[in-house]
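One structure below.
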Amino acid sequence: MPPTMKLPPGAFAAMGTVVSVRPGTSAVGDRDASASPPLDDQGALGLVADIFARWERRFSRYEAGSELSRVARGELALPEASAELRAVYARALAWRARTDGCFTPHRADGVIDLDGIVKALAVEDAGDALDAAGRTGWALDAGGDILIAEGSTVRVGVADPHDRSRLLAGFDLDGARRRALATSGSAERGDHIWTTAGLEHTPFVQVSVAAADLVTADVLATAIVAGGYAALDELAERFDVDVLVVGHGRELRATPGWPRAGEARAD
Amino acid sequence: MRRRAVLLASAASAAAILGGWQLGEVATDGLTATGTPTVTNASAGSADDGTGGSSGSGSGSVDFNALTPKGTTSGTGGTDAGGTGAVATTVDGTFEGPTVSTRFGEVQVQVTIAGGAISDVTALQLTDHDGRSVQISNRAEPVLRSEVLQAQSASVSLVSGATYTSAAYLQSLQSALDAAGFPG
């Protein structure tokens with residue numbers, strides 16, 4: 001990003017996008033008095049930024065020196081790569097199996113590409129660190145991948161893919177069965193998701209998935225973009241998720257659990 | 001009669017669809033298999049037809065004695081029979097099936113019959129062991145924008161969208177929310 005770019009105080013640039021941080025509050029009473037002093041808001045922001053920087057150093061496709069870039073170029077064989085990288089690759093392969101190949105950790109030319117899962121893992125890692133530091137009520141949004149602290153409730157929105165300054169829908173994350181909301185699509189970065197065999201172009205401009213954890217939400221959103229209607233039906237049925245999709249004609253589809261106007265809300 | 005066979009086959013289809021709803025073999029085995037439609041023809045169906053329907057049903061079928069006509073039910077058989085005292089040969093309409101107990105809970109289906117064939121089967125009721133009604137299909141259906149863009153959208157604090165580039169972020173709603181939202 002340009003060095004002159006001025007971001008708001010609660011945001012920082014990482015992984016080619018911007019991470020927004022709601023630091024929550026320090027649960028001082030719950031902490032061991034002998035532990036380090038509680039993190040203030042700036043400290044919480046710094047902690048999250050450090051974790052993203054660590055993930056980016058290892059997994060960035062854009063930094064030529066990252067471990068993943070070395071693997072992608074063939075300079076480093078996978079069995080020689082770090083345990084962390086191999087673990088992430090294994091998780092991505094497991095998700096490929098769970099999504100019948102709709103999600104894949106490889107580009108069409110076969111080169112390893114973990115972008116589809118790394119951002120969500122970094123957010124979850126940062127959330128774990130905030131928990132460990134005694135922060136409660138935090139919420140993180142990494143380029144549209146949202147995760148909130150367990151036990152908190154946060155009202156979030158889904159952007160309109162045809163006008164990013166507008167909202168398309170709302171969703172109340174509940175801090176339990178729906179702690180995460182992720183959106184995939186072609187609105188910002190072009191058709192960067194490879195579609196599965198037989199589907200030349202994805203029928204969806206944007207797919208949003210709410211789930212208990214962010215990796216599930218993010219992977220399934222990507223898989224549904226890639227797999228089209230068949231993947232939408234199959235994955236929405238198989239996983240405990242709520243899904244909202246936007247088609248090329250701006251038509252919308254939602255699973256029964258996606259909140260509708262006029263419904264009495266639990267909160 | 002052919003109509004009767006169609007009805008029986010339809011009942012079999014209903015049972016098969018029930019089985020498809022992750023209810024498994026236990027569920028279809030548990031259904032009653034009387035296979036006698038409440039609507040009969042004066043010239044009763046031949047044994048062949050009845051057998052054909054039954055053999056097609058596999059492990060069971062819906063008890064049509066328990067089907068309750070509702071709404072737009074219409075008889076069509078009277079005129080066909082040419083006034084020879086026959087009652088309706090078939091009835092198009094929407095029927096509520098019996099509530100069936102399965103190991104997955106109570107299930108009630110609604111069957112829509114058009115032209116003697118099942119055109120739709122809908123689950124009316126599926127309750128868990130605590131008696132709460134539960135969804136058995138998570139299929140995404142078309143919705144209007146006004147249905148999902150609701151009043152609650154007004155007070156969001158974070159926005160999910162396909163990944164922002166850093167430059168696009170500055171023009172985004174998220175950027176404005178961040179400027180307002182960080183207490184530090």
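Letters A, B, ... mirror the listed sequences (proteins, then strands); counts begin at 1. Bear in mind that the values here come from a model prediction, so they are computed numbers and not experimental data.
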Can you find a pair of side-chain heavy atoms, one from [X] and one from [Y], that are under 4.5 Å apart?
X: B:S157; Y: A:V154; answer: yes
X: B:R139; Y: A:T255; answer: no
X: A:S165; Y: B:S172; answer: no
X: B:Y169; Y: A:T17; answer: no
X: B:R145; Y: A:V246; answer: no

TODO: Against chain B, label A:I146 side chain, backbone, both or neither, depending on which of its atoms sit under 4.5 Å from a heavy atom there.
DONE: side chain
TODO: Tell me, for A:A182 versus chain B, whether the close heavy atoms (under 4.5 Å) come from the side chain, the backbone, both or neither.
DONE: backbone
Search all heavy atoms of [X] against all heavy atoms of [Y] and return the closest pair with its distance.
X: B:N138; Y: A:G257; result: OD1-N, 4.4 Å
X: A:R253; Y: B:A140; result: NH1-O, 3.3 Å
X: A:G144; Y: B:S160; result: O-OG, 2.6 Å
X: B:S175; Y: A:P8; result: O-CG, 3.7 Å

TODO: Please test B:V159 against A:V158 for side-chain contact (heavy atoms from CB on, under 4.5 Å), starting from the C-alpha separation and ending with a verdict.
DONE: CA-CA 5 Å; B:V159 178; A:V158 172; over 6 Å; no
TODO: Could you grab the distance from atom OG of B:S155 to atom CG of A:D172, nearest 0.5 Å is fine?
DONE: 8.0 Å
Open item on the list: I need the A:D141 CG to B:D178 CG distance, nearest 0.5 Å.
Closed with: 7.5 Å
TODO: Give the intermediate values and the outcome of side-chain contact (heavy atoms from CB on, under 4.5 Å) for residues A:L252 and B:L144.
DONE: CA-CA 7 Å; A:L252 305 177; B:L144 296 173; over 6 Å; no
Task: For chain B, the option from A:D160, A:L140, A:D242, A:L173 that forms the most heavy-atom pairs under 4.5 Å - done: A:D160
Open item on the list: Between B:L158 and A:S20, does the side-chain contact (heavy atoms from CB on, under 4.5 Å) criterion hold? Intermediate values first, please.
Closed with: CA-CA 8 Å; B:L158 295 168; A:S20 304; 4.3 Å; yes
Open item on the list: With a 6.0 Å cut-off (strictly less than), is the heavy-atom count around CD of A:E251, excluding the residue itself, greater than 12?
Closed with: yes
Open item on the list: I'd like to know if the side chain of B:E147 and the backbone of A:R260 have a donor-acceptor N/O pair within less than 3.5 Å.
Closed with: no
